[in-house]
Amino acid sequence: MLDVKKFVDETEALLRRELQGNGIIACSGGTDSTLLAVLCSISVRERVTAVFVDTGLVRASDIENIRKLFSTYSLRGLVLDRSDRFFSALRGVTDPEEKRKIIGRTFIEVFEEIASELGAEYLLQGTIAPDWIESGGGVRDTIKSHHNVGGLPENMKLKLIEPLRDLYKDEVKHISESLGIDAVKQPFPGPGLAVRIIGEVTREKADTLRKVTDIVEEMVESSHGEVGKPWQYFSVLLPFRTTGVHGDKRSYGLTVGIRIFDSIDGMSGTFTKPSWSFLETLSTRITNEVPEINRVVYDITNKPPGTIEWE
Ligand code: XMP
């Protein structure tokens, strides 16, 4: 098991040594960038500004949580709404790898602009090992280009600092718990809901998926152990319509896939096996509360062969 004190001491020393000016921390509110922000708040607080970009593809709770994080750790923090820009960059794009790269690039453009306004030369990212391994940085094929790796332009002006590069998710969790960081409940991908909307991403689809996501999160988190403590629990919006009935009228609505998944480190794992009654309540709530949806399916694919996210 990783020696937390040694890791924290070495990372703080690295931050002080490498950050030779002002920097911005790319904060998504997820486990990795939250740990990075906390480590920065201990060692280089005066030199950093934490930036959360609202892409329009985040959950409502992400924005609330990030504001709390900034205030708890007295970090200078900015929440920037750039959703128009992300939706317009993604217009007409359906290929998952292209989506990820566009999102990565758009993030960097926004970070470069804000860095230039703030006079910052460094970009601090919470990239961890699976991000660059799955992006093809190791000996393997590209499984998926993580937005914080695959979208980086070769001529990026900002100097990159990534102190968590060698960690795996379970180690990030362990360090975060040891530091008493208010547990981020589950991982959330940097490209956000974009990789959970199969096909073209639009604001309307993101709004629909956000409503379903809230229901899934609420039901799992209040299930009192019915599904244990899954690694991740979320929904995916599928790119086709099917026939159904709403009231006594025909509907031609959207389908969501539900993914509830057990894993130790995110690199492999198995689908969670909730009771039929839990799944039935979940399905009934989704179709009652989100009128755009008339069909709910449950994903029973392990990793491998499926990845956890669908794109
Ligand atoms: P996959 O889908 O590759 O996911 O089995 C493994 C873990 O990584 C998360 N994930 C991402 N996290 N940027 C991130 O920060 C990304 O582009 C990304 N893609 C997947 C995923 O949610 C799971 O926890």
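Whatever order the structure lists them in is the order used to number ligands and atoms, beginning at 1.
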Legend entry - Closer than 4.0 Å: a protein non-hydrogen atom to atom 16 (C) of ligand 1: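 Under 4.0 Å from atom 16 (C) of ligand 1, at least one protein heavy atom found.
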Could you list the atoms of ligand 1 found under 4.0 angstrom from a heavy atom of [X]?
X: Trp231; value: 24 (O)
X: Thr307; value: 1 (P), 2 (O), 5 (O)
X: Lys303; value: 1 (P), 3 (O), 5 (O), 6 (C)
X: Pro191; value: 13 (N), 16 (C), 17 (O)

Inset, instruction - May I ask whether Trp310 places a heavy atom under 4.0 Å from ligand 1? - result: no
Inset, instruction - Work out whether the distance between some heavy atom of Gly30 and some atom of ligand 1 is less than 4.0 Å. - result: no
In terms of residue, atom name and distance, what is the protein heavy atom nearest to [atom]?
atom: atom 21 (C) of ligand 1; answer: Glu309 OE2, 3.5 Å
atom: atom 6 (C) of ligand 1; answer: Gly266 O, 3.6 Å
atom: atom 2 (O) of ligand 1; answer: Lys144 NZ, 2.7 Å
atom: atom 3 (O) of ligand 1; answer: Glu134 OE1, 2.7 Å
atom: atom 13 (N) of ligand 1; answer: Gly190 N, 3.2 Å
atom: atom 8 (O) of ligand 1; answer: His146 CE1, 4.2 Å
atom: atom 12 (N) of ligand 1; answer: Pro189 CA, 3.5 Å

Legend entry - Stepwise salt bridge (Lys or Arg N to Asp or Glu O under 4.0 Å) test for Arg59 and Asp62: CA-CA 5 Å; Arg59 299 158 300 179; Asp62 291 317; 2.7 Å; yes
Legend entry - Greater than 12 external heavy atoms within 6.0 Å of Ile300's CD1: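 No, CD1 of Ile300 has 12 or fewer neighbouring heavy atoms, counting only those of other groups under 6.0 Å.
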Inset, instruction - Answer with side chain, backbone, both or neither: which part of Pro187 has a heavy atom less than 4.0 angstrom from an atom of ligand 1? - result: side chain
Inset, instruction - Closest by any non-hydrogen atom to atom 19 (N) of ligand 1: pick that one out of Gln232, Arg100, Gln125, Arg196. - result: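 Nearest option to atom 19 (N) of ligand 1, by heavy atoms: Arg100.
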Would you indicate whether the side-chain heavy atoms of [Y] and [X] approach each other to under 4.5 Å?
X: Phe52; Y: Arg67; value: no
X: Leu124; Y: Leu19; value: yes
X: Arg295; Y: Phe240; value: no
X: Phe278; Y: Ile260; value: yes
X: Thr272; Y: Tyr298; value: yes

Legend entry - Name of the residue among Lys303, Arg259, Gln232 meeting side-chain hydrogen bond (donor to acceptor under 3.5 Å, both in side chains) with Glu309: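 Of Lys303, Arg259, Gln232, side-chain hydrogen bond (donor to acceptor under 3.5 Å, both in side chains) with Glu309 is met by Gln232 alone.
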Legend entry - Salt bridge flag under 4.0 Å for residues Lys273 and Asp262: no
Inset, instruction - Could you tell me whether Glu292 and Lys211 have a side-chain N and a carboxylate O separated by less than 4.0 Å? - result: yes
